[in-house]
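As the structure is a prediction and not an experimental result, all values here were calculated from the model. Basis for what follows: all heavy atoms, side chains included, without hydrogens, waters or symmetry-related copies.
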Amino acid sequence: MSAPENALPPLIVEAIDVHKSFGSLEVLKGINLSVRKGEVVCLLGPSGSGKSTFLRCINHLERMTSGRILVDGQLIGYHERGGVLHEMSGNELAAQRRDIGMVFQRFNLFAHQDVLTNISQAPVLNRGRPRDEALARARQLLKMVDLEGREDAYPYQLSGGQQQRVAIARALAMDPKLMLFDEPTSALDPELVGEVLNVMRKLAAEGMTMIVVTHELSFARDVADRVVFMDQGIVVEEGSARDVLDHPKHERTQAFLRRMH
């Protein structure tokens with residue numbers, strides 16, 4: 001029997017009234033956002049709007065001041081007992097983070113390790129994979145990010161775009177349920193941006209659940225299932241790429257998009 005037409009994919013991310021303050025500065029002012037399995041959601045907004053902070057809260061690199069974030073039904077970073085949140089131990093948090101891949105603006109590769117080791121080490125150490133299996137998977141991922149043959153290269157021998165593609169392969173080697181991208185092309189020379197976005201397009205086509213902080217409007221238009229516009233710590237507007245980018249309703253969204261063109 002086929003599934004009912006209105007059956008939706010399961011929720012992978014559920015953020016509920018997320019607040020984050022740094023001292024007296026309130027950076028997130030009650031973010032509510034849900035992302036379903038296989039969705040690509042692009043977060044847009046001016047610098048300082050809280051996009052990167054929110055992304056870092058999803059894998060508990062930043063502690064929320066209040067609110068809840070669930071990934072695949074699991075509360076991230078905390079146990080809840082009697083309505084009170086208790087922070088997880090480092091080991092428990094590390095176990096949660098295995099399921100959440102993150103790619104930063106800077107590539108954060110291990111400079112003293114070759115490309116193959118950069119990609120294969122974490123699955124061996126953190127997931128207990130046999131080394132030969134992890135190496136085979138790393139080679140497969142290098143092919144996917146169009147870097148076949150660069151297994152023995154060191155990061156300093158690669159362009160910024162190549163390093164970022166290795167960083168994506170490294171995150172994928174853990175077989176995450178969710179990929180977070182924090183402006184993955186902002187540190188790259190313009191001619192290298194396309195090669196990284198092409199890899200992300202491939203991932204989207206394969207059904208990877210992705211949340212992407214980006215200023216690349218053409219990527220958002222082509223790939224995003226939903227675009228979320230943030231400003232001053234709140235979600236101002238969200239909808240399909242066409243709705244938000246071509247027919248923005250809110251004056252703040254309109255002003256931002258005018259500046260981007």
Side-chain angles (χ1 to χ4, degrees), residues 8-43 45 48-106 108 110 121-129 134 167 170-184 208-213 226 228 230-236 238:
L8 293 170
L11 283 174
I12 294 292
V13 179
E14 199 173 0
I16 304 159
D17 197 27
V18 174
H19 289 253
K20 173 64 182 176
S21 296
F22 295 97
S24 61
L25 178 65
E26 193 178 16
V27 177
L28 300 177
K29 302 172 183 173
I31 302 292
N32 292 288
L33 184 69
S34 297
V35 180
R36 294 190 176 275
K37 184 177 174 63
E39 259 196 307
V40 178
V41 175
C42 284
L43 303 183
S49 58
K51 309 180 300 296
S52 293
T53 299
F54 175 61
L55 211 64
R56 291 168 67 84
C57 285
I58 293 173
N59 65 359
H60 204 63
L61 285 175
E62 293 287 356
R63 291 180 178 88
M64 297 173 292
T65 305
S66 64
R68 304 273 190 285
I69 295 177
L70 294 94
V71 173
D72 202 19
Q74 264 200 323
L75 189 62
I76 291 294
Y78 299 95
H79 296 291
E80 187 168 3
R81 292 191 287 272
V84 179
L85 295 185
H86 302 270
E87 195 158 14
M88 284 183 172
S89 70
N91 286 343
E92 290 172 310
L93 190 54
Q96 284 194 329
R97 285 192 182 130
R98 287 175 205 153
D99 291 329
I100 305 171
M102 187 153 186
V103 178
F104 300 87
Q105 295 178 28
R106 294 284 167 188
N108 296 338
F110 298 117
Q121 187 175 53
V124 174
L125 295 179
N126 299 328
R127 282 216 190 268
R129 296 257 165 82
R170 183 177 62 178
L172 291 171
M174 294 292 285
D175 295 321
K177 297 172 181 174
L178 168 69
M179 284 286 286
L180 307 176
F181 292 87
D182 188 7
E183 297 196 45
M208 174 59 75
T209 310
M210 296 161 57
I211 304 178
V212 184
V213 173
R226 263 188 305 141
V228 175
M230 289 177 62
D231 192 16
Q232 297 175 12
I234 63 166
V235 171
V236 175
E238 68 174 294

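Here the side chain of Lys29 pairs a donor or acceptor atom with the backbone of Gln232 at under 3.5 angstrom. Side chain of Arg98 to backbone of Pro176: no donor-acceptor contact under 3.5 angstrom is found. Judged by distance alone, the side chain of Thr209 and the main-chain N or O of Leu178 form no donor-acceptor pair under 3.5 Å. Formation of a donor-acceptor pair under 3.5 Å by the Asn32 side chain with backbone atoms of Asp17 is found in this model.
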Q | Leu33 and Val228: CA distance, side-chain angles, deciding distance, side-chain contact (heavy atoms from CB on, under 4.5 Å) verdict | A | CA-CA 9 Å; Leu33 184 69; Val228 175; 3.7 Å; yes
Q.
As a quick check of understanding, evaluate side-chain contact (heavy atoms from CB on, under 4.5 Å) for Asp72 and Gln74, giving each step before the final call.
A. CA-CA 6 Å; Asp72 202 19; Gln74 264 200 323; 5.8 Å; no
Q. Please walk me through it: do Leu43 and Ile211 pass side-chain contact (heavy atoms from CB on, under 4.5 Å)?
A. CA-CA 7 Å; Leu43 303 183; Ile211 304 178; 4.0 Å; yes
(Q) Pair Asp99, Arg127 - check salt bridge (charged side-chain N to carboxylate O under 4.0 Å, His left out), show working. (A) CA-CA 10 Å; Asp99 291 329; Arg127 282 216 190 268; 2.9 Å; yes
Q) side-chain contact (heavy atoms from CB on, under 4.5 Å) between Met64 and Tyr78: does it pass, once the steps are laid out? A) CA-CA 10 Å; Met64 297 173 292; Tyr78 299 95; 3.8 Å; yes
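Listed here is the closest heavy atom pair of Val124 and Ala134: CG2-CB, 3.6 Å. Residues Lys51 and Val213 come closest through the heavy atom pair CE-CG1, 3.5 Å. In this structure, Arg97 and Leu61 approach most closely via the heavy-atom pair NH2-N, 3.8 Å. Pairing each heavy atom of Gln96 with each of Ile76, the nearest pair is OE1-CA, 3.4 Å. Closest approach of Pro9 and Arg36 over heavy atoms only: O-NH1, 2.6 Å. Heavy atoms only, all atoms of each residue included: Ile100 and Ile58 are closest at CD1-O, 3.9 Å.
By the 6.0 Å and 45° rule, Arg56 does not stack over the aromatic ring of Phe104.
Annotation: Lys37, atom NZ; neighbour count of heavy atoms from other residues, nucleotides and ligands within 6.0 Å does not exceed 12. The environment of CZ in Arg63 is sparse: at most 12 heavy-atom neighbours from other residues, nucleotides or ligands sit within 6.0 Å.
Annotation: the span from Leu28 atom CG to Glu62 atom CD amounts to 9.0 Å, rounded to 0.5 Å. To the nearest 0.5 Å, atoms CD1 (Ile69) and CD (Glu14) are separated by 11.0 Å. Separation of atoms CD1 (Ile31) and CE (Met230) is listed at 3.5 Å; rounding is to 0.5 Å. One distance of note links CZ of Phe181 with CG of Leu55; it measures 10.0 Å at 0.5 Å rounding. Once rounded to the nearest 0.5 Å, the distance linking CD1 of Ile12 with CE of Met208 reads 10.0 Å. From Glu238, atom CD reaches atom OG of Ser34 across 8.5 Å, with rounding to the nearest 0.5 Å.
At a threshold of 4.5 Å between non-hydrogen side-chain atoms, the residues Leu85 and Leu75 count as touching. Proximity of Val212 to Met179: side-chain heavy atoms (C-beta onward) are nowhere separated by under 4.5 Å. Contact check for Ile16 versus Leu70: side-chain heavy atoms found under the 4.5 Å cut-off.
Checked for salt-bridge contact, Glu80 and Arg68 meet the test: a charged N lies under 4.0 Å from a carboxylate O.
Looking at His60 and Glu87, their side chains do bring a donor and an acceptor atom within 3.5 Å of each other. Side-chain polar atoms of His79 and Glu92 form a donor-acceptor pair below 3.5 angstrom. A donor-acceptor pair shorter than 3.5 Å can be found between the side chains of Asp182 and Ser52.
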